Number of protein chains: 2
Amino acid sequence: MNFSITEENYIKAIYHLQQADGNVTTNELAAELNTKAASVTDMLKKLKAKKLVNYEKYQGFRLSSEGKKIALGVIRKHRLWEYFLVEKLQFGWDEVHEVAEELEHISSKKLIDKLDAFLDYPKFDPHGDPIPDSNGKMAAQKQINLIDLPLNEAAEIVSVGSQSTELLELLKHKHLGIGTTIEIKKRFAFDHSMEVKIKGQSAFIISQQLAQALFVRPL
Amino acid sequence: MNFSITEENYIKAIYHLQQADGNVTTNELAAELNTKAASVTDMLKKLKAKKLVNYEKYQGFRLSSEGKKIALGVIRKHRLWEYFLVEKLQFGWDEVHEVAEELEHISSKKLIDKLDAFLDYPKFDPHGDPIPDSNGKMAAQKQINLIDLPLNEAAEIVSVGSQSTELLELLKHKHLGIGTTIEIKKRFAFDHSMEVKIKGQSAFIISQQLAQALFVRPL
DNA sequence: AATAAAATTTAGACAAATCTAAAAATTATT
DNA sequence: AATAATTTTTAGATTTGTCTAAATTTTATT
Ligand SMILES: [Mn+2]
Ligand SMILES: [Mn+2]
Ligand SMILES: [Mn+2]
Ligand SMILES: [Mn+2]
């Protein structure tokens, strides 16, 4: 079966929300998609009719296993295109999201499998998120929040918690990005800020909020 | 301004039809787009309101210069993506059209300009059609119909007149394709068939219909 | 347990793109 | 010039996805 761009966007958003939350609510999804609760209810009835979500009135919902398969297909396309844009077209990793939002809806399965081969089967996208293979399997994210990294242990930044321009602006200013090696030198209990060090630069302070937005893989 | 996928498809189709015909009619466009005349009339009113076509009831229509600019933008995207699919992803030149029909609607200007650079600014797509540059300029097609090629003059096949599977099947069978060097050895007045030769093969006969579907550049 | 607040769903409308059937205009044929 | 055939447009519906406002259900607070 084939799904509309709108349906795919709903399915993908439900997938991401249920990773965090278990059950997803109407308002949550409306917020995620910048739409209204009434529109979400309408769409959920359609997705339920197509057996893509398990949904009972007023009870919240989650994807069926069929729905999950669709979601992983869209996510695979999104992340492969992001990888292509960064590695082949020289986009910055902070400017690919919008474009991938569109490219993820190109329907050809053959296209995406050939793109995957052309890119040499990458395992992670430019934001450190794992790319599902053509069967929907992907590497487990063995990354931790920077806030949980032990003192004086080097780790590599592999992922960011949001793609907001505000965050990206701050990262650029502090010369932090995917691939940067970082180490925590000191924690301040008062505001949970921390002093960190990246090689070739003197130590500096980052806020709790920023630390929580960064995911790292200890080296 | 931004246009819907449907609007872009209408604009592109009008562009192609008016290349041949000058003025385009409602029925012609309906046939081209596999839709009904009534739908075409509806859309023309919208395109007229947006000043993309010059259209008067019952009088036929053509693109405004603004409309032509949009059309060339879509055609640029279509042909660059086709080139990408063939040169980088190893698609056959006969299997890229459908996919490019979708990719041509991805809106990012930056994407298409970076893709152009990545591909090293190709001048022709895999079917021999010229690719407009980012200003909408493209190489004049200095190609002639095979039917008009003088006897015993070598020429290179640069373009085909249709993308029908029937034609592509026949070309495959006769080992003809874009880039093939061909020469006419004899014409038969009765049915306008002709004996042709390609290097490394003994001469064979092609029909008038096939010759008319092939465009060549004399060498 | 009653009431208030919040979340969710329904009802009714609207815009985009499509269709069928009927009406109107143009073009071709007698 | 009248009539027939063809083309094009209009009228009225339909589908998808959206919205606001009102009604309903659930959850929280007294
Ligand atoms: Mn999307
Ligand atoms: Mn990503
Ligand atoms: Mn298209
Ligand atoms: Mn082409």
Side-chain angles (χ1 to χ4, degrees), chain A residues 1-15 17-18 20-63 67 70-71 74 101-102 104-107, chain B residues 1-14 17-18 20-63 67 70-71 74 101-102 104-105 107:
Chain A
M1 207 171 278
N2 231 28
F3 302 96
S4 73
I5 292 176
T6 309
E7 287 170 330
E8 288 190 348
N9 283 336
Y10 270 86
I11 293 165
K12 192 180 63 156
I14 296 169
Y15 180 92
L17 289 174
Q18 79 180 26
D21 281 29
N23 240 38
V24 184
T25 70
T26 304
N27 270 349
E28 264 180 331
L29 184 52
E32 176 76 13
L33 291 170
N34 295 306
T35 186
K36 298 300 157 72
S39 309
V40 169
T41 301
D42 287 346
M43 178 58 82
L44 276 169
K45 287 188 209 157
K46 288 187 6 185
L47 295 180
K48 181 183 178 161
K50 295 185 180 185
K51 299 182 191 296
L52 300 173
V53 292
N54 299 117
Y55 164 59
E56 294 304 328
K57 263 193 190 187
Y58 293 103
Q59 298 310 132
F61 44 88
R62 34 189 336 166
L63 294 176
I70 311 287
V74 177
E101 246 352 276
E102 286 185 58
E104 72 189 359
H105 305 292
I106 303 293
S107 60
Chain B
M1 206 171 278
N2 232 29
F3 302 97
S4 73
I5 291 176
T6 309
E7 287 170 329
E8 287 189 349
N9 282 336
Y10 268 87
I11 293 165
K12 193 181 66 155
I14 296 170
L17 289 174
Q18 78 179 26
D21 281 31
N23 239 38
V24 184
T25 70
T26 304
N27 271 348
E28 263 180 332
L29 185 51
E32 177 76 15
L33 292 171
N34 296 307
T35 186
K36 297 300 156 71
S39 309
V40 169
T41 301
D42 287 347
M43 178 58 82
L44 277 168
K45 288 188 207 156
K46 288 188 3 188
L47 296 179
K48 181 182 178 164
K50 296 184 181 185
K51 296 184 194 293
L52 298 174
V53 292
N54 300 116
Y55 164 58
E56 294 305 328
K57 261 194 193 183
Y58 293 102
Q59 299 310 131
F61 44 88
R62 34 190 334 166
L63 293 176
I70 310 289
V74 177
E101 257 334 290
E102 287 185 57
E104 72 189 1
H105 305 291
S107 60

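So that the names make sense, note that chain A is the first sequence line, chain B the second, and so on, each numbered from 1. Predicted, not measured: the structure shown is a model, and the values here were computed from it.
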message: Given 3.5 Å as the limit, does a donor-acceptor pair link the side chain of A/Glu8 with the main chain of A/Val74, or not?
response: no
message: Could you tell me how far apart A/Leu29 (CG) and C/dT9 (C1') are, to the nearest whole angstrom?
response: 15 Å
message: One character per nucleotide, please: for nucleotides 6-13 of chain D, 5' to 3', B when the base has a protein heavy atom closer than 4.0 Å, S when only the sugar-phosphate does, - otherwise.
response: -SBBB---
- line: Sequence neighbours excluded, the answer for side chain to side chain donor-acceptor pair (under 3.5 Å) partners of B/Glu32 is none
message: Restricting to non-hydrogen atoms, name the atom on B/Ala30 and the atom on B/Lys36 that form the minimum distance, rounded to 0.1 Å.
response: CB-C, 3.8 Å
- prompt: Taking only side-chain nitrogens and oxygens of B/Tyr10, does any of them come within less than 4.0 Å of OP1 or OP2 of C/dA16?
  reply: no
- request: Considering non-hydrogen atoms only, spot the tightest contact between B/Ala37 and B/Asn27 and give its length.
  value: CB-OD1, 3.6 Å
- prompt: What does B/Thr6 touch in the nucleic acid at a heavy-atom separation under 4.0 angstrom: a base, only the sugar-phosphate, or nothing?
  reply: sugar-phosphate
task: State whether B/Lys36 places a side-chain N or O below 4.0 Å from either non-bridging phosphate oxygen (OP1 or OP2) of C/dT20.
output: yes
query: For A/Lys48 and C/dT9, what is the distance between atoms NZ and C1' respectively, to the nearest whole Å?
result: 13 Å
message: D/dT18, OP1 or OP2 - any side-chain N/O from A/Thr35 closer than 4.0 Å?
response: no
- request: Heavy atoms only: give me the nearest A/Lys48-A/Val53 pair and the separation to one decimal.
  value: N-CG2, 3.6 Å
task: Just jot down the side-chain contact (heavy atoms from CB on, under 4.5 Å) partners of A/Thr6, sequence neighbours excluded, or say none.
output: A/Ser4, A/Tyr10, A/Met43
